[in-house]
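Worksheet for the structure shown next.
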Amino acid sequence: MSRARTRLTIFALLMCCALWLARSAEAEDWPQWRGPRGDGTSLETDLPTHWSANQNVAWKTPIPGIGHSSPIVVGDRVFVTTCIDQSEKRLVLCISRRDGTVLWQRHVLTAPLEQKNSLNSHASATPCSDGKRVWVSFFQSPQIELICYDMEGNEIWRKSPSTFSSIHGFCSSPILYKDMVILNCDQDSPAASIVAMNQNDGAERYRIDRPNHTRSYCTPALFDVSGQTQMVLSGSKCVASYDPDTGKQKWLIDGPTEQYVASLVMTRGVLFMTGGFPEHHLMGIDPSGAGNITHSPHILWHDKKDHRAGSYVPSPVACGDWFFLVCDDGLATCWEAKTGRRLWKQQINEHQSASGVVAGGNVYFTSDAGETTVFKASAKFELVATNALGEQVRASPAISRGQIFIRTTSNLYCIGSGNE
């Protein structure tokens, strides 16, 4: 009897260890704009689907000032940026992911508030981190400023990679690739460029002269295409791919419109582009081409008939055979990746700024009104839940270790108990 109990105890412990290891393997940081892959996807499966302002909330922390930048999560820390409009101060905050305590706050710079679009803020660029350092970007006329801190808030370096000009204000989130930090500086001037710098000291590695010199706000995304990494973005009257190691252009599509905000996503070997202004377009792209592929078979499909279907600001997500999108006026759609066939459409809110995330077979889109619609990532629309926080939202959610982090215009919410 004693041996049987011992065996049962050992078996139970082994099962607990196996469950813990499985959850640990799925757990991810959310270290930059749109997460570890820059496309809004999470490998985690044990995420909350139901909450409210006072239910299933681990903690809520007030964020001073105004900022539309999204939170990032690295280890036990959450980072956000903000602007105190009255004093013209730009700040970065480090917050404990365990209880929401503000661990440190740094005054990054003070500068006159730049002209901007009413949907923009003076702290819209999302930080990025490698777990040892954190990078933030702001505009201090006439320069873009990129600043590197260690995890304790000590400044390591500060560089001005480019001047900047846009009537809609600044919003360019840095991304990390190998030992570089890369910043898109699309704008209305010959200074329009993508700049790669050393992570250690900010020294410039390469500079890509962008065509057409037109303002756009798309954060580049990195995708594996037949074993090679491509850095892809829309903006400045084109869609383009570059080698992130050298900055050399791989391919380019002219247009199909002028300005872009939403980042691209990919599934089943198909890139999905949505944009922009003044016209809305949807496009499926085979990224294996070279040179100018505007009129080539690498344009798999192109939809410009339904003006409401495309989004300008919110970025889509990809899962399995499908792309999921919520356009600026709240219409959700599902598109078959290979063919561009629209499978369904559903009005889910009145206005959308935040980009989507997908995890555990569910898609999450948080509206400007602070209501997160959760639906199945499938070829038929299946509503899982609608979750209202009762506060305005412009930032995109972050996912890490079984929790969802949502920044409203007043607070940072940590949703769910987590799996630590």
Side-chain angles (χ1 to χ4, degrees), residues 23-24 26-63 67-80 93 95-101 126-127 129 314-319 324 326 332 348-349 352-377 383-420:
R23 288 182 170 180
S24 297
E26 294 170 352
E28 296 184 292
D29 285 340
W30 198 266
Q32 63 180 359
W33 165 246
R34 307 215 74 200
R37 285 161 291 281
D39 62 358
T41 62
S42 171
L43 301 180
E44 301 194 21
T45 57
D46 190 17
L47 287 170
T49 55
H50 295 79
W51 65 85
S52 68
N54 51 25
Q55 292 182 326
N56 206 14
V57 175
W59 49 260
K60 178 179 77 172
T61 296
I63 304 298
H68 296 174
S69 65
S70 301
I72 65 168
V73 187
V74 183
D76 61 356
R77 301 187 175 205
V78 184
F79 295 93
V80 295
L93 283 71
I95 298 165
S96 168
R97 69 161 295 150
R98 297 183 183 279
D99 59 12
T101 301
T126 297
S129 175
S315 297
V317 290
C319 184
F324 300 93
V326 177
I348 63 171
N349 63 59
Q352 182 79 32
S353 296
S355 296
V357 295
V358 59
N362 294 318
V363 178
Y364 299 71
F365 272 94
T366 304
S367 72
D368 286 11
E371 183 176 85
T372 301
T373 301
V374 187
F375 56 86
K376 291 291 184 183
L383 181 67
V384 176
T386 53
N387 308 295
L389 290 176
E391 300 178 25
Q392 291 286 302
V393 172
R394 300 294 182 271
S396 301
I399 293 171
S400 181
R401 300 186 205 172
Q403 294 175 312
I404 302 173
F405 299 81
I406 299 176
R407 179 189 186 167
T408 72
T409 53
S410 303
N411 298 289
L412 177 64
Y413 284 81
C414 176
I415 308 297
S417 58
N419 54 24
E420 294 182 302

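Note that these values count all heavy atoms, side chains included, but never hydrogens, waters or copies made by symmetry. Numbers here simply count residues along the sequence, with the first being 1.
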Contact summary for Lys376 and Asn362, nearest pair of heavy atoms: CD-OD1, 3.3 Å
Interatomic spacing from OG1 in Thr409 to CD1 in Ile63 - rounded to 0.5 Å: 11.5 Å
Partner residues of Glu391 under the side chain to side chain donor-acceptor pair (under 3.5 Å) criterion, sequence neighbours left out: Thr408, Asn411, Tyr413
Flag, side chain of Glu44 to backbone of Ala27, donor-acceptor distance under 3.5 Å: no
Check: Pro36 main-chain N/O paired with Asp29 side-chain donor or acceptor under 3.5 Å: no
Gap separating the OG1 atom of Thr41 from the CD1 atom of Ile399, nearest 0.5 angstrom: 9.0 Å
Minimal non-hydrogen separation, Pro397 against Thr366, with atom names: CG-OG1, 3.8 Å
Rounded distance (nearest 0.5 Å) linking atom CG of Leu47 with atom CZ of Arg401: 13.5 Å
Gap separating the CG atom of Asn387 from the CD1 atom of Ile415, nearest 0.5 angstrom: 8.0 Å
Closest non-hydrogen atom pair, Gly356 against Val317: O-CG1, 3.3 Å
From CG (Leu389) to OG (Ser410), nearest 0.5 Å: 11.0 Å
Derivation and outcome, side chain to side chain contact (heavy atoms under 4.5 Å, CB included), residues Phe324 and Val358: CA-CA 9 Å; Phe324 300 93; Val358 59; 6.0 Å; no
Side-chain donor-acceptor pair present, Asp368, Ser353, cut-off under 3.5 Å: yes
Heavy-atom side-chain contact between Ile72 and Pro31 under 4.5 Å: no
Residues in side-chain contact (heavy atoms from CB on, under 4.5 Å) contact with Ser367, at least two apart in sequence or another chain: Asn349, Gln352, Ala369, Glu371
Flag side-chain contact, heavy atom, 4.5 Å: Asp76 against Arg98: yes
Validation row: Arg407, Val78 side chains within 4.5 angstrom (heavy atoms): no
Validation row: Trp51, Thr372 side chains within 4.5 angstrom (heavy atoms): yes
pair Ile95-Trp59: side-chain heavy atoms closer than 4.5 Å: yes
Pair Arg34-Thr126, side-chain donor/acceptor within less than 3.5 Å: no
For Trp33, all residues meeting side chain to side chain donor-acceptor pair (under 3.5 Å), sequence neighbours excluded: Ser263
Minimum-distance pair of heavy atoms, taken over all atoms of Ala385 and Thr49: CB-O, 3.2 Å
Minimum heavy-atom distance Ala395-Ser69, with the two atoms named: CB-O, 3.4 Å
Any side-chain heavy-atom pair of Trp30 and Ser42 under 4.5 Å: yes
Closest non-hydrogen atom pair, Ser396 against Ser355: OG-N, 2.8 Å
Leu412 and Lys60, any side-chain heavy atoms less than 4.5 Å apart: no
